[in-house]
Asker: 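This structure is in structure tokens; I'll ask about it shortly.
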Amino acid sequence: MAPFCGALLAASFYGIKDPKSRMILLKFRGLCCLVEPHELPAWFKLPASRPMTVISDSDDDFVIPSESQSLVTSVNTRKANGFMSDVRKDLPCEIVDDDVDEISNVLKKRFSSPELVCLALNACSVKVSKSLIDKILRRFNNNWISAFGFFKWVDNQPEFNNKQFPKSYDMMVDILGKCKKFDLMLQFVEEMNRIGGLVSLSTMAKVIRRFSGARRWHDAIKTFYDLELLGVKKDCSALNVLLDSLCKERNVKCARDVFLSMRSQISPNASSFNILLHGWCKARKLDEAKQVIKEMRDFGFTPCVISYTNLIEAYCIQKDFENANAILAEMRSQGCLPTVVTYTIIMHSLGKANKIQEALQVPVKMSRDGCTPDTSFYNSLIYVLCKAGRLADANRLFEEMHRDGIPPNAITYSTLISAFCDYSQEEDAFKLITKMGESPCKPDVKTYHPLLKLCCKRKWTKLLMYLLVDMFEKDISLDPGTYTMLVQGLCRNDKLQQSCLFFEEMVLKGIAARPRTLNLLLEGLEKKGIYGAKEKIHQLMLQARSRR
DNA sequence: TGAAGTTTAA
């Protein structure tokens, strides 16, 4: 009756079914509970391949409160009525890709090295195709060991001709960068260069952006200077990639210095100026932004709708709607018409500033201009309606999007789910994430964050765990904000042991803990007299500090 | 993601 299953256990997650009582034990990073299958929300599915064992429930110390019983029952009733199967039947054409599933099942076992992944995959008998590679890489883009092991395995397949798939190589470069495996990433690029014909500007853009994202400015700039060693032209497009990645990571000063030092060698285009303009606008440096407009004109470029929209956004960030409108008037006088992007910025900022009535006038003005809304515009409108507490209207709008041929995206779902959680309409929130599971939109941390928060607030530990397990299964990793929320939320729920686990994981990942979070945890441990854990946390902080 | 806009939250 011992717990089982090496690989899954190593990942500190397992689900065990007792065939007699049909109870399911869920264990996730020290969280543990025993549930009846009917308690599982409809969107939560245990993989069929998981082994079955009888096990006692000594670890279970969680209780689902009565409110969530009603939630679970309602989801369940729909399930009993065939709700889920109806949804599935109605889907236009669900592509069942057996090969993707077969490989995913192997990759999910979370091996300790790419070589082990490669070995395990040798047992698979699937045919390598471009679509298979893309699907797997997309699915495991948070897990470089699985992705890289899979890629090496593909490379060994006799039918695989690596020159056919430069984009897949670029994806692999990006995954290594995203997971901060920078040395491996550079080695891999070298390897691509040796094979020949695989390294392009789009490859190097991934490298530059990932270095910038990790605030390794020097490496980003060096990558640009050394482009020609890899056979990539050091032209204006390459310069713009570097400038943009520096600006997007909020280092516009560094971008300006690069720009000035390169100006004599590479002639900038209008985009170069707009990139810098955007950098200054985001940094709320309006004087510098205006200076860029002037330089742009001196250089012989006329500011375009993107330039004006950037300035409008800068004023909107400062809630200076008067000046935003003045720019709007100025661009019109220049014969430059605002686009749906311009209107989205204005509407969204008005909503954020609680000027709801004015915000809701924007769609009217926009249609007068003959400008058609898109998904992002709808998302902002939904956000504004939610901010005003008009959830029913927001939901109606969401339904209308389908009808109007403007497909909702993951942000649409996340916005509504978040609002439902804020207004304690948890049943609607869970209904929506169920619906999302049946749509092409993929949830991310931002989708789950408000749900996890709600579970903490209501002390719904079982539901919290369903969600965490679900995220784990989908390879959605926690971000700093979510770690902080979980550590604090579990602390307040007297789940100190679990709170410590998330705290530990966060610190080991190199995420700095806020003093507030640390103190809350330490105070909790002190109050409960759990001195061992308190000492461990202290040690952890010392280690983290010395590493920095 | 990538010359402009949309989701969490301290």
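Everything numeric here is computed off the predicted structure, so don't read it as measured data. In the text below, chain A, chain B and the rest are named by the order of the sequence lines, each starting its count at 1. Excluded from the calculations below are hydrogen atoms, water molecules and symmetry mates; all remaining heavy atoms, backbone and side chain alike, are included.
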Asker: Tell me every residue that passes salt bridge (charged side-chain N to carboxylate O under 4.0 Å, His left out) with A:Glu526, counting only those two or more places apart in sequence or in another chain.
Answerer: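 Result, salt bridge (charged side-chain N to carboxylate O under 4.0 Å, His left out) vs A:Glu526: A:Lys534.
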
Asker: Touch check for A:Val340, heavy atoms < 4.0 angstrom, all strands: base, sugar-phosphate only, or nothing?
Answerer: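 The residue A:Val340 makes base contact.
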
Asker: What is the nucleic acid contact for A:Phe377, judged by heavy atoms within less than 4.0 Å: base, sugar-phosphate only, or nothing?
Answerer: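 Base contact.
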
Asker: With a 4.0 Å cut-off on heavy atoms, is A:Lys206 in touch with a base, just the backbone sugar-phosphate, or nothing at all?
Answerer: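 Nothing: the residue A:Lys206, judged by heavy atoms under 4.0 Å, touches no strand.
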
Asker: Which is true for A:Ile275 with a 4.0 Å heavy-atom rule: it touches a base, it touches only sugar-phosphate, or it touches nothing?
Answerer: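 The residue A:Ile275 makes sugar-phosphate contact but no base contact.
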
Asker: Which is true for A:Ser271 with a 4.0 Å heavy-atom rule: it touches a base, it touches only sugar-phosphate, or it touches nothing?
Answerer: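 Contact class for A:Ser271: base.
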
Asker: What closest approach, in Å, do A:Ser202 and A:Lys167 show between heavy atoms, and which atom pair accounts for it?
Answerer: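 Closest approach of A:Ser202 to A:Lys167: OG-NZ, 3.9 Å.
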
Asker: When rounded to the nearest Å, what value does the distance between P atoms of B:dA9 and B:dA3 take?
Answerer: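 The same atom, P, in both gives a distance of 30 Å.
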
Asker: Give one of base, sugar-phosphate or nothing for A:Thr339, where a contact means two heavy atoms less than 4.0 Å apart.
Answerer: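 Result for A:Thr339 = base.
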
Asker: Given the side-chain rings of A:Phe273 and A:Phe259, with only the six-membered ring counted for Trp, is the space between their centroids under 6.0 Å?
Answerer: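 Close enough - the centres of the two rings lie under 6.0 Å apart.
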
Asker: According to the interplanar angle, ranging from 0 to 90°, do the rings of A:Phe151 and A:Tyr169 count as parallel (below 30°), tilted (30 to 60°) or perpendicular (above 60°)?
Answerer: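 Ring orientation of A:Phe151 relative to A:Tyr169: perpendicular.
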
Asker: Indicate, with a heavy-atom threshold strictly under 4.0 Å, whether A:Asn269 touches base, sugar-phosphate, or nothing.
Answerer: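 A:Asn269: no heavy atom of the nucleic acid under 4.0 Å.
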
Asker: Provide the distance between the two C1' atoms, one in B:dT1 and one in B:dT6, to the nearest whole Å.
Answerer: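 That atom pair is separated by 13 Å.
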
Asker: Below 4.0 angstrom, N of the basic side chain to O of the carboxylate: do A:Glu313 and A:Lys282 qualify?
Answerer: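 Looking at A:Lys282 together with A:Glu313, the answer is yes, because their closest N to O distance falls below 4.0 Å.
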
Asker: Between A:Phe188 and A:Phe148, is the ring centre distance below 6.0 Å?
Answerer: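 That pair passes the under 6.0 Å test.
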
Asker: Going 5' to 3' along DNA chain B, which are the first and last nucleotides with any atom under 4.0 Å from a heavy atom of chain A?
Answerer: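 Extent of the interface on DNA chain B: B:dG2 to B:dA10.
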
